[in-house]
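I have placed the structure first, in the form of structure tokens, so that the comments after it can refer back to it.
First the proteins, then the strands, lettered A, B, ... as listed; each starts at 1. Just so you know, these numbers come straight off a predicted model, no measurement behind them.
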Amino acid sequence: MAEAKITKRSEDFSRWYTDVIAAAELADYAPVKGCMIIRPNGYAIWEKMQQALDAMFKDTGHQNAYFPLFIPESFLHKEAEHVEGFAPEVAVVTHAGGEKLEEPLIVRPTSETIIWHSYRNWIQSYRDLPLLINQWGNVVRWEMRTRLFLRTTEFLWQEGHTAHATYEDAEEETLRMLGVYRRFAEEHMALPVIEGRKTDREKFAGAHHTYSIEAMMGDAKALQSGTSHHLGQNFAKAFDVTFQTQEGTREFVYATSWGLSTRMIGALIMAHGDDNGIVIPPRLATTQVVVVPIFRKPEERERVMEAVGKFTLRFKPAGIGFKVDDRDQYSPGWKFNDWEKRGIPLRIEVGPKDLERNQVVLARRDNGQKQNASQEGLERTVRDMLETIQSSLYERAREFREKHTHRVDDYKKFLEILDADGGFLWCHWCGSGECEERIKDETKATIRCIPMKAEPEEGKCILCGGRSERRVIFARAY
RNA sequence: CGGGGCGUAGCGCAGCCUGGUUAGCGCGCCUGCCUUGGGAGCAGGAGGUCGAUGGUUCGAAUCCAUUCGCCCCGACCA
């Protein structure tokens with residue numbers, strides 16, 4: 001229980017981020033470089049995310065399965081673009097059982113290859129399609145620079161892998177799951193996101209094309225928060241997965257894959273956190289409410305705890321996750337701070353003065369406001385308050401994003417705004433990889449996505465002046 | 001891999017430049033008393049192969065060399 005003080009967010013965002021993680025006891029550094037230990041407080045958030053997403057996957061017809069961590073090295077080489085994209089960051093097992101292995105094993109950086117190896121046997125007829133499978137697991141990517149949650153050598157995620165009879169079916173699935181991610185981000189994480197398509201430079205290695213949701217963090221930088229890929233027939237061809245059509249012809253199947261990782265915990269911290277620490281949206285909080293009883297004498301303690309017992313009894317049936325902090329080695333003030341840095345959305349204070357008036361004090365984590373509430377029907381008040389906190393977190397994040405979103409048509413202005421404010425820059429782009437690359441080299445801003453909701457609009461490329469039909473989003477990103 | 005910073009108690013640090021009894025301080029932890037509406041107080045206590053290895057020296061946390069690791073900034077990525 002080390003006392004870590006949190007660097008001010010405005011002072012040093014990056015240090016603030018790591019301080020918040022330490023203060024809330026979300027994760028530790030592991031003995032192995034780039035790896036992290038997810039502590040109970042952090043893992044609880046991940047479990048909530050899993051629950052919400054898993055239900056959505058099931059609702060859209062998917063089943064869970066599990067494929068192995070180790071993959072024969074040769075599998076990776078079967079899809080040319082895929083191997084090129086991943087080979088540099090793959091960990092390889094060369095020895096096991098005290099001997100050198102005949103064929104090295106790679107530790108999966110993603111599971112397309114091993115899954116499609118199986119799909120070959122599972123798919124024969126159009127009647128076997130679509131095949132809709134999701135897997136929860138871990139993957140390893142040997143990254144050069146790592147940061148807790150945002151980019152770690154090993155991370156937890158889910159990866160969906162589906163097979164379809166037609167390009168259109170696969171496209172529909174790709175977009176459906178993108179939509180699931182968007183809803184998850186908005187409704188559970190209180191995080192507004194932009195759905196869009198990745199440029200060829202930014203797409204997944206081995207994909208026909210990639211979609212993502214992009215979110216804005218508290219320092220106005222972008223974070224890719226979930227990706228959905230249309231893999232075309234690339235993996236079907238690499239692993240020879242064909243099916244017989246109704247007409248009796250043989251075709252390669254179409255594939256999708258989509259993933260969302262523990263990086264989302266980083267997104268949560270950077271989107272909602274403040275100088276006091278993380279702020280967990282109520283729908284992702286295991287402990288949504290913490291009750292801090294206040295008393296001096298044993299006699300008061302008894303009376304206060306009795307009242308606490310009474311109203312918390314009604315919390316569980318109402319679906320409210322709560323904790324009563326009756327530790328008596330700490331003062332109330334200390335507890336207030338303690339729970340704030342852990343991001344618990346709502347605090348209830350109850351002391352002798354409240355008992356006289358049959359009330360409690362509610363303190364919101366998101367804006368620090370306190371108000372009185374009757375003990376009568378408190379479970380309803382609390383439930384409503386949690387909803388209010390959830391939606392105001394979303395609203396605040398949305399307003400922040402709007403404030404840091406700019407339409408820019410002039411490259412000089414582009415540079416100015418990027419340095420002064422950052423944020424999302426909606427600009428015209430001619431579609432060439434050269435312009436994209438040059439802008440990245442000169443400004444460190446990348447094209448986050450080609451937003452799907454953008455209206456077609458004639459314009460000139462911000463760099464070369466070439467013809468453009470729609471705006472894309474540039475930003476500096478994590 | 002390049003640039004910068006740092007390894008001394010669970011955490012944060014001082015000591016190092018200028019080598020010398022038993023290596024300090026704050027927080028946290030344990031015991032007791034006292035306290036409790038925004039991080040209380042007092043008293044006592046536990047806790048260290050000074051990142052590792054080698055060297056210089058009568059003597060090394062301190063000087064030298066090597067090495068390992070971590071953090072931050074850049075080139076790759078969810």
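- We find that A:R357 and A:D354 are not joined by a salt bridge, their nearest charged nitrogen and carboxylate oxygen being 4.0 Å or further apart.
- Other residues, nucleotides and ligands contribute at most 12 non-hydrogen atoms within 6.0 Å of the CZ atom of A:R15.
- Searching all strands for a Watson-Crick or G-U wobble partner of B:G2 with both distances below 3.5 Å returns B:C73.
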Under the criterion ring-ring contact (aromatic ring centres under 6.0 Å, His included), I'd like the reasoning laid out for A:W258 against A:H62: C-alpha separation, chi angles, the key distance, then a yes or no.
CA-CA 12 Å; A:W258 26 275; A:H62 302 82; 4.9 Å; yes
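- Within the shown strands, B:C33 is the pairing partner of B:G41 under the Watson-Crick or G-U definition, both distances less than 3.5 Å.
- Put simply, the residue from A:D325, A:V290, A:I294 that forms a side chain to side chain contact (heavy atoms under 4.5 Å, CB included) with A:K335 is A:D325.
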Pair A:E25-A:K341, salt bridge (Lys or Arg N to Asp or Glu O under 4.0 Å): steps then yes or no
CA-CA 9 Å; A:E25 297 175 356; A:K341 71 188 181 197; over 6 Å; no
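- Of the residues in residues 214-231 of chain A, A:Q224 come within less than 4.0 Å of RNA chain B through at least one heavy atom, sorted by number.
- Looking at A:K335, its side chain has no donor and acceptor atom pair within 3.5 Å of the base of B:G37.
- Contact of A:D338 with B:G39 (side chain to base): no donor-acceptor pair of N or O atoms is detected under 3.5 Å.
- Scanning atom types as modelled, one donor and one acceptor separated by under 3.5 angstrom connect the side chain of A:R347 and the base of B:G38.
- Looking at heavy-atom distances under 4.0 Å, A:K297 makes no contact with the nucleic acid at all.
- Between B:U36 and A:R296, a contact under 4.0 Å exists linking OP1 or OP2 to a side-chain N or O.
- Geometric assessment of A:R141 against the ring of A:W157 yields a positive cation-pi assignment under the 6.0 Å and 45° thresholds.
- Of all the residues in residues 267-287 of chain A, not one reaches under 4.0 Å from RNA chain B with any non-hydrogen atom.
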